[in-house]
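A note on names: the letters A, B, ... follow the listed sequences, proteins ahead of strands, and every chain is numbered from 1.
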Amino acid sequence: MPSSATSNTNGHATSHTKALAKPTVNQTPNAWSFFAVPRPIKRIFDRFPLLTYPANRLPERVQRVKSADGHALFIWCAPEDASENRASFNPACLRWQAFLKSQNLQFHTVSSSNHASTNERLPFLVVNPSCSSPFKSNIVSAHELAKWAVDQKDSWPVELELHYEPYMSLLNNEIRRAWQYHMYLSPNFEAFTAPSYIHSQTNSSVVRITSSWELQKAAREDLMKSSPRIDVEGLYASADRAFFALDNLLKRKRRMVADVSAPSLLEATLFSYLFLLLELPLDRWLDNRLPEIARKYPELVELENTLKKQYGLQPPAIYDALTGTKDSTLNSRTRLEKHFGIR
Amino acid sequence: MAEPLENDLFDQLRQKSTQDELNKRTKEIQTRLMSHYEKQERRIGSTLDNNSTIPVTISEVRVLSAPKTRRGFLDRIVSPIISKDNAEPYTLVEARKAIDKVAARLSKLGIYQHPISVYIDKPDPTEASSTPTDLKVYFNAKEGSWYTIKTGTEAGTAEGSIYGNAQFRNLFGGAEALNIHASKGTRTRSVISAAFDTPILSNPDLRWEISGLTSSTLKPWASHEEVLKGGSTKFKYETQRGHLHEIGYSGMWRQLTSLASNASPGIRLEAGDSFKSSLSHTWIADHRDNRLLPSRGFLLKTVSELAGVGPLKGDVGFGKLEAESQLAVPIPIPGIKGDSGVAINAGFRAGLLYPLTVGGSSGPVASRFSDRFQLGGPTDVRGFKMAGLGPHDGPDALGGDMYAAGGVSLLVPLPRTGKESPLRLQAFLNAGRLVALKGKPKDGAAMDSESVKQSVKKTLEELKKDHPSAAAGVGLVYAHPLARFELNVSMPLAIRKDELARKGLQFGIGITFM
């Protein structure tokens with residue numbers, strides 16, 4: 001009996017197993033080692049199992065998505081939004097959703113949460129097994145998405161993006177921070193953020209309350225990283241300056257380049273914030289300072305309009321619920337309950 | 001004169017006694033002791049028999065050495081045997097039975113040191129209130145230590161942990177117990193649990209428990225970590241025939257998180273939070289002679305659960321039924337007197353998950369990973385990896401909604417150690433099938449009660465008709481008092497594509513084996 005197998009007898013826990021012989025692909029027949037299984041035994045082992053039946057059917061929750069074709073982009077969105085291919089309510093997800101659309105890559109969206117991602121962050125892409133090489137992982141995380149898109153299409157101008165690095169930084173810092181306050185710490189949290197991020201995941205009030213508290217705490221801590229106290233006016237003023245700079249950039253770009261080239265990652269990122277801020281009527285926000293700032297810049301509004309049409313994206317269903325065209329007499333809370341409370 | 005005798009003794013001592021002789025001597029001593037006890041028993045028995053119809057009354061009962069136990073709590077146990085004024089007197093035998101019953105109840109509470117001794121006395125005849133038939137009964141119930149604290153480390157292949165355990169007994173003088181357990185490890189990342197348990201109406205057979213749990217466990221067979229937070233409350237009742245019933249409610253927040261980088265899309269879809277609010281009933285009838293290495297008797301166990309009910313409703317709705325049985329039959333071997341130690345153990349398990357509508361939703365909800373069954377591994381269907389049976393997406397076991405599994409093993413004592421030792425050789429054949437419910441997922445429409453009924457029916461037929469995956473092997477079994485250890489060499493005979501079998505050695509530790 002080879003010692004590879006006996007070393008395993010001092011086990012603990014409910015179970016632990018180790019194979020005597022595991023038929024591996026890259027086992028060279030000539031390489032002999034102390035741990036190798038003698039060939040006659042291996043030959044007997046290889047004969048088992050005697051019978052192999054077809055594979056099992058997958059459980060229903062899994063089957064529904066697995067049976068769909070194309071790549072799957074896991075994003076934050078309500079389950080019913082995924083089937084209608086609506087926009088994500090999370091800017092980080094919407095940015096890649098928009099970007100992949102701008103690259104004309106075919107994919108479908110899957111409603112998910114941070115727990116589904118190895119790095120606890122959405123989005124990520126599950127590459128359709130028929131398109132991926134069997135040697136590579138079929139999961140593409142957010143920071144690899146740009147490179148993955150390049151691999152799919154050869155003509156993406158990478159060097160152009162470098163030029164826009166400072167502007168990207170505005171989006172990733174000033175605007176993201178203002179957005180964080182706007183969504184997580186202002187009254188909008190109750191009306192918009194909690195229903196979309198938490199209520200869509202669970203019905204349980206215990207889980208909802210705990211998760212809401214945790215989410216707000218995380219947002220507060222994140223904002224405290226850049227300054228010891230949260231200066232709301234300062235946050236919005238910085239966002240205003242950032243939007244102003246981006247508006248200027250768009251103006252210059254329009255003057256320089258006659259026809260608008262394929263939207264870049266910068267534009268997709270800018271679009272993700274603008275779309276989420278501008279698509280909801282001003283009076284539906286419980287705190288509308290940030291959308292008011294964005295609305296001041298005509299180039300930004302124009303960009304949002306153009307790209308929205310180009311991508312053919314619908315706002316998340318919660319926007320419809322909050323806008324409530326049909327029964328406008330209901331206040332936003334009741335409409336929300338109608339939308340998310342009963343599930 | 002004494003010399004030759006002494007020499008003789010020394011010679012005898014010098015002479016190495018053979019194993020047979022030793023055995024013979026031990027046997028002799030044992031038979032002598034046995035006959036002594038038997039005689040004593042008979043003498044007591046005959047005395048009692050001669051006086052069995054003497055009328056007696058119990059006028060006073062005292063429980064000694066139990067200062068921490070509440071009087072009201074003990075009253076309920078002992079007062080029923082005190083003779084009422086106008087009641088018929090006991091006969092001596094009846095009185096003895098009643099006293100024994102009280103002693104058994106006291107000892108079952110688990111707070112007194114064993115054994116509880118009983119003394120019977122005649123009250124002072126000069127006392128005006130006493131009658132000639134009166135007896136005084138004393139129970140000497142010495143209270144055990146009121147707390148135990150244990151800490152330790154455990155190590156093994158792929159698992160290492162440190163733990164602490166604290167047990168507090170007889171907290172409020174009514175045999176209440178509080179158990180607190182905490183551990184940290186490599187596979188079971190962390191567990192903190194606390195359970196408070198108390199007898200109801202001083203009845204040790206009827207108990208109420210309330211407990212809380214928070215844990216985090218790695219599940220490498222499905223590339224994730226499961227974080228649990230919740231609480232439960234239950235009533236436990238033991239019938240006179242030794243059957244155990246448990247009825248309880250539990251609320252549990254389950255989180256599938258920290259996925260491995262190679263986690264399959266299937267398990268990624270199941271990641272996230274869900275809350276289960278469920279009522280459950282467990283029934284256990286264990287008539288085996290030994291839990292870990294039975295040679296005769298049977299076990300029947302059913303667990304039924306209804307989720308999606310109760311004050312917290314939750315995200316999942318289903319009815320779940322699970323049954324487990326084991327039968328042990330001794331095999332007589334010609335030429336060996338009495339039990340040969342050779343036995344056949346046969347086990348069968350089955351489970352069904354029926355999707356139900358949870359409060360507020362429009363139709364039955366599809367089952368989630370945390371609720372589905374897993375099958376395979378050294379303690380159920382041997383010869384397969386942990387959760388190696390049923391639907392798999394790549395390396396990940398996704399679980400199924402319905403299963404059936406069965407196995408037969410032949411246990412033979414080792415030739416040298418004999419049937420008294422906890423070692424056995426075993427040969428086994430076991431098979432199982434775990435399937436997901438037949439759905440109609442193509443159109444993406446929500447399920448309704450009628451379609452669920454149809455798909456459960458179809459799946460059940462499929463389970464009956466299709467061939468199961470099977471494995472056979474031989475191995476060694478060691479029944480340690482705390483757990484059973486098995487080391488087997490097995491081969492898969494039949495397997496489904498994507499299922500994970502184990503060829504060769506497999507090691508298993510557990511308390512329940514199929």
Side-chain angles (χ1 to χ4, degrees), chain A residues 1 5-23 45 48-67 72 74 83 110 112-118 120 124 126 137-139 201-207 210-211 341-343, chain B residues 154-159 187 253 255-257 259 261-262 265-266 268-275 312-315 360-361 366-368 372 377-379 385-386 390-391 393 398-399 435-437 439 441 444 467 487 491-498 501-510:
Chain A
M1 193 184 287
T6 48
S7 67
N8 166 37
T9 52
N10 56 346
H12 171 69
T14 49
S15 75
H16 184 75
T17 52
K18 199 164 187 174
L20 253 178
K22 195 175 172 187
F45 273 44
F48 292 94
L50 305 173
L51 291 167
T52 305
Y53 305 122
N56 288 297
R57 173 179 57 245
L58 294 180
E60 198 196 319
R61 267 166 66 89
V62 179
Q63 206 174 3
R64 204 175 277 182
V65 174
K66 290 281 284 187
S67 57
F74 282 57
S83 49
V110 176
S112 187
S113 77
N114 280 352
H115 297 295
S117 170
T118 304
E120 304 268 299
F124 63 86
V126 176
S137 161
N138 59 345
I139 307 286
Q201 301 288 318
T202 178
N203 279 327
S204 157
S205 45
V206 182
V207 181
T210 322
S211 304
I342 42 165
R343 203 175 269 278
Chain B
E154 287 172 339
T157 340
E159 164 93 48
R187 183 159 290 176
W253 174 3
Q255 198 174 59
L256 261 72
T257 186
L259 266 62
S261 57
N262 62 344
R268 284 174 194 271
L269 284 167
E270 294 282 356
D273 299 295
S274 68
F275 193 88
L312 296 166
K313 273 188 189 161
D315 302 311
S361 70
S367 60
R368 290 195 185 229
R372 288 196 291 265
T379 61
K385 290 188 183 176
M386 270 300 279
D393 186 10
L398 296 178
V435 288
L437 214 58
H467 296 288
L487 184 65
M491 279 294 155
L493 302 176
I495 184 171
R496 255 160 218 282
K497 196 172 162 281
D498 295 339
R502 168 62 70 202
K503 285 183 195 176
L505 278 188
Q506 186 172 36
F507 180 70
I509 301 179

Do you know which of Ala271(B), Pro391(B), Gly272(B), Ser261(B) has the most heavy-atom pairs under 4.5 Å to chain A?
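If we count pairs closer than 4.5 Å to chain A, Pro391(B) comes out on top.
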
Of all of His467(B), Glu270(B), Arg372(B), Arg496(B), which one pairs up most often with chain A through heavy atoms under 4.5 Å apart?
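Of the options given, most contacts go to Arg496(B).
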
Using the test side chain to side chain contact (heavy atoms under 4.5 Å, CB included), find all partners of Thr257(B) that sit at least two apart in sequence or belong to another chain.
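Partners of Thr257(B) under the side chain to side chain contact (heavy atoms under 4.5 Å, CB included) test: His115(A), Glu120(A), Val227(B), Gln255(B).
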
As an exercise: rank Val126(A), Ile139(A), Asn114(A) by heavy-atom pairs under 4.5 Å with chain B and give me the winner.
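The option with the most such pairs is Ile139(A).
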
Answer with side chain, backbone, both or neither: which region of Ser113(A) has an atom nearer than 4.5 Å to a non-hydrogen atom of chain B?
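The side chain, not the backbone.
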
Are any non-hydrogen side-chain atoms of [X] and [Y] less than 4.5 angstrom apart?
X: Phe48(A); Y: Leu493(B); answer: yes
X: Leu259(B); Y: Arg268(B); answer: yes
X: Met386(B); Y: Pro378(B); answer: yes

Using heavy-atom distances under 4.5 Å, tell me whether [X] contacts chain A through its side chain, its backbone, both, or neither.
X: Ser367(B); answer: backbone
X: Arg368(B); answer: both
X: Asn262(B); answer: neither
X: Leu256(B); answer: backbone

Partner residues of Phe275(B) under the ring pair (Phe, Tyr, Trp, His ring centres under 6.0 Å) criterion, sequence neighbours left out:
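Scan of Phe275(B) (ring pair (Phe, Tyr, Trp, His ring centres under 6.0 Å), adjacent residues dropped) gives none.
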
